[in-house]
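What follows is a set of notes on a single structure, which appears directly below.
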Amino acid sequence: MRRLTTVLGALAAAGTVALALPSTALAANGKLVLAPSTVITNPSGCYNSSIVPLIVFNETDGTVLVYDGPNCTGSVIAVVPPGGGTTQEFGSSVFVR
């Protein structure tokens, strides 16, 4: 019984440490460029842009989704793989995963 308590305690501690990791641990490595002048290093999550057309260069190891609405709402209108780029006339925001 004592061994079970020790194992459960260790698992609980490991879970707590895993949840306490900073969100940058989930960030893509590299740079996201929203042309002409926005460069985001190790991006994670949603980014809005007011530049039309939305020009995206994905210099990360993650996939970028381009949305037609602000705050990554609406429809996904483009998927940009690592190393790729796109120009979207109706793009409004991007999500890095």
Side-chain angles (χ1 to χ4, degrees):
M1 185 68 170
R2 186 170 216 184
R3 179 176 278 171
L4 178 61
T5 304
T6 303
V7 169
L8 290 176
L11 288 174
T16 302
V17 169
L19 292 175
L21 290 175
S23 62
T24 56
L26 302 175
N29 294 312
K31 294 179 183 176
L32 172 66
V33 179
L34 303 177
S37 60
T38 302
V39 178
I40 304 158
T41 303
N42 299 330
S44 175
C46 185
Y47 299 91
N48 289 312
S49 177
S50 60
I51 305 292
V52 177
L54 177 58
I55 302 170
V56 179
F57 296 105
N58 182 6
E59 299 174 4
T60 73
D61 59 359
T63 301
V64 175
L65 304 176
V66 180
Y67 287 84
D68 62 1
N71 303 314
C72 298
T73 60
S75 299
V76 174
I77 57 174
V79 177
V80 186
T86 188
T87 300
Q88 296 294 321
E89 182 178 353
F90 300 106
S92 183
S93 58
V94 298
F95 185 84
V96 182
R97 55 179 184 165

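Hydrogens, waters and symmetry mates are skipped; everything else that's a heavy atom, side chains included, is used.
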Please determine whether residues I40 and L54 belong to a single hydrophobic cluster, defined as Ile, Leu, Val, Met, Phe, Trp and Tyr linked transitively by side-chain heavy-atom distances below 4.5 Å.
yes
Neighbour count >12 (heavy atoms, 6.0 Å) for atom OH, Y47:
yes
With a 4.5 Å heavy-atom cut-off, do V39 and L32 have their side chains touching?
no
Is the shortest heavy-atom distance from the side chain of T86 to the side chain of V64 under 4.5 Å?
no
Give the C-alpha distance, both sets of side-chain angles, the deciding distance and a yes or no for side-chain contact (heavy atoms from CB on, under 4.5 Å) between V33 and T38.
CA-CA 6 Å; V33 179; T38 302; over 6 Å; no
For [X] and [Y], work out which heavy atoms get closest and say how close.
X	Y	value
V52	E89	CG1-O, 3.7 Å
G62	A28	N-CB, 4.1 Å
I77	D68	CG2-CB, 3.9 Å
N42	A27	O-CB, 3.3 Å
A35	I51	O-CG2, 3.9 Å

Measuring from atom OG1 of T63 to atom CZ of F95, what distance do you get when rounded to the nearest 0.5 angstrom?
11.0 Å
Under the side chain to side chain donor-acceptor pair (under 3.5 Å) rule, what pairs show up with a residue in residues 51-60, not counting sequence neighbours?
N58-T60
side-chain contact (heavy atoms from CB on, under 4.5 Å) partners of S93, counting only residues at least two apart:
C46, N48, Y67, C72
